[in-house]
There are 2 protein chains.
Amino acid sequence: MDQEQEDILKYDQGTFHPGFSVDCVIFGFHANQLRVLLLKMKGADVWALPGGFVFKDEDVEEAANRVLQLRTGLDNIFLRQFHLFGKPDRSQPDFNAKLLRQRQIPFAPNHWFLQRFITLGFYALVEYSRVTPRPDTNSEACEWWDLQQVPALMQDHRQILDKALEALRLQLAYQPIGYNLLAEKFTMPELQRLYETILGKQLDRRNFQRKILAYDILERLDERRSGVAHKAPYLYRFNLEKYQQALEQGLEGGW
Amino acid sequence: MDQEQEDILKYDQGTFHPGFSVDCVIFGFHANQLRVLLLKMKGADVWALPGGFVFKDEDVEEAANRVLQLRTGLDNIFLRQFHLFGKPDRSQPDFNAKLLRQRQIPFAPNHWFLQRFITLGFYALVEYSRVTPRPDTNSEACEWWDLQQVPALMQDHRQILDKALEALRLQLAYQPIGYNLLAEKFTMPELQRLYETILGKQLDRRNFQRKILAYDILERLDERRSGVAHKAPYLYRFNLEKYQQALEQGLEGGW
DNA sequence: ACAAAAGTGTTACGGCTACACCCATGC
DNA sequence: GCATGGGTGTAGCCGTAACACTTTTGT
């Protein structure tokens, strides 16, 4: 999709599935911190989750994928829907009208962009270093934000973000996470920091290692991370086959 | 909402949030079997999940609640959204047109009921004995079906049902279940059958009892179930306060 | 009396927790 | 050499699985 087509506000009524949007919480991991990719809205002093609309004949999941691809430059991303936000008052037609005026797009009072929207939230896990953040036509910046320092967000986007984090934590309890967030090779401490950041609590170094190794989804390489201070840690990588298997089967049951 | 208003197909364009529906998988438990409430479509030889549309200014969750209330007569039901089904080819405009003709409702080719629909799936847990199944205006029957004997379903409703069951199993792993499905007083074997049915596997009687009691959400009464063959089992009931607490906190973590 | 179901208890195993100890590296 | 972080090991605890025994009820 080229630049011309990307300017969503110029589309006609009838281009998109009406009253429906997708919003993506894109998680990355950098400097031992979980980060999210946010857009700075033009004119307004608020940030927003990358989102978009679904073409009339497009699969909803595919639309989310498209948004991801446009903002990060990446394809084939781990992406999962987690909640539909459907309160009638979550839309702010006045705010959207302001956007249209700012962009100097003529519009009628019944313009599709001013209707009520319900939105499906997705969360995505990406490898931070491979991402090239790219703003869309309604935003003047696209940047990573530390999860602890997220600025004021548009509409109910803060709620969406919180719910995404909750969903991510839940996933952690019964599925492996990491393949999508880390580089191909990583150390055990790096993986542990990732888990700790998502969970928001400290874990015992030795118990973590034992538990994660017991899942039998990791392969230790004969390499070590050199150049760092202190003892050089081993490098690991995921055994993709076993990783996929664990994703499907779930790690533990409870029952 | 009275009968007049319930005939959804007679509503105008603009009454509902466009291109969007909710479908409910209503689970009940009877005769040691998990059952689902299904509607027999008028004319066609297929069954369907109870569903409906969302009024222009209605909360999506509220709409699902309304559907539940209309089909079961119950209020205040355990209800949870689990997945949005958004493939473009899941709608069948021809089938819907047939429905309109059958109901002898005049319609234009661009009638709202013939557009593409995406649907949000909910699952509900209800107390079987309190339900009074009531068909809607598009269906000639509303009945419970044994999960093992579900007939052919409309469109992608079979998929929706399967996904609901999956979500229910997942919930079982980290939250208590039962308060919404059983009568106020119940025996340990009854609760066990419920768990076994949802999980689709047998559990050890004694270990089950210990584990569920360890959750500390049950109260044993001084009564026993009389009249049944063999030794009379104790009656239990949920401690609602602790039950709610367990719902919120989750039973176990994994991490 | 007997079969079937329910109440209660015991033992062994495995995973988790909370530690201690040694090794490597940069300052 | 010392502080810091990484690799490996171990004892105790607890939940779970797999079992045996007793009690109650209907036939």
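Letters A, B, ... are given to chains in the order of the sequence lines, protein chains preceding strands, and every chain is numbered from 1.
- Rounding to whole angstrom units, CD1 of residue I212(B) and P of dT16(D) are separated by 11 Å.
- Note on R220(A): only backbone sugar-phosphate atoms sit closer than 4.0 angstrom, heavy atoms only; bases stay farther off.
- In the set dT4(D), dA5(C), dA18(C), the nucleotide with an atom closest to the side chain of H230(A) is dT4(D).
- Nucleotide dG6(D) holds its P atom 15 Å from the CG atom of N207(A), rounded to whole Å.
- At a cut-off of 3.5 angstrom, the base of dG7(C) holds at least one donor-acceptor pair with the side chain of R205(B).
- When all heavy atoms of L218(A) and M188(A) are compared, the pair lying nearest together is CD1-CE, 4.0 Å.
- D204(A) has its CG atom 13 Å from the C1' atom of dT10(D), to the nearest Å.
- No engagement by R225(B) is indicated, since no non-hydrogen atom pair under 4.0 Å with the nucleic acid exists.
- Note: CD (Q192(A)) to P (dG5(D)) measures 12 Å, nearest angstrom.
- With the nearest nucleotide of DNA chain D identified for both A214(B) and R224(A), R224(A) has the one nearer the 5' end.
- If you measure from atom CD of E190(B) to atom P of dG7(C), you get 11 Å, rounded to the nearest angstrom.
- For the pair P189(B) and A229(A), both in contact range of DNA chain C, the more 5′-proximal nearest nucleotide belongs to P189(B).
- No close placement of the F78(B) and Y179(B) rings is indicated, their centers lying 6.0 Å or farther apart.
- Side chain R206(A) to base dA20(C): a donor-acceptor pair is found below 3.5 Å.
- When all heavy atoms are compared, the tightest approach of F82(A) to A167(A) is CB-CB, 3.9 Å.
- When the side-chain nitrogen and oxygen atoms of K211(B) are compared with OP1 and OP2 of dT16(D), one or more of them lie within a distance under 4.0 Å.
- For the pair L213(A) CG and dC16(C) C1', the computed distance is 15 Å after rounding to whole Å.
- Along DNA chain D, the nucleotide closest to K231(B) and the one closest to M188(A) are compared, and the more 5′ of them pairs with M188(A).
- Atom CZ of F85(A) is surrounded by more than 12 heavy atoms from other residues, nucleotides or ligands within 6.0 Å.
- Among the nucleotides dA17(D), dT25(D), dG26(D), the one closest to any side-chain atom of A232(B) is dT25(D).
- Within 6.0 Å of the CZ atom in R224(B), the count of heavy atoms belonging to other residues, nucleotides or ligands exceeds 12.
- Across the protein-nucleic acid pair, R210(A) atom CZ and dG15(C) atom C1' stand 9 Å apart, rounded to whole Å.
- Considering only the side chain of P233(B), dG7(C) comes nearest among dG6(D), dG7(C), dC16(C).
- One interatomic measurement links the two molecules: CZ of R193(A) to C1' of dG6(D), which rounds to 11 Å at whole-angstrom precision.
- Taking only side-chain atoms of Y234(B), from C-beta outward, the nucleotide of dG7(C), dA20(C), dA3(D) with the closest atom is dG7(C).
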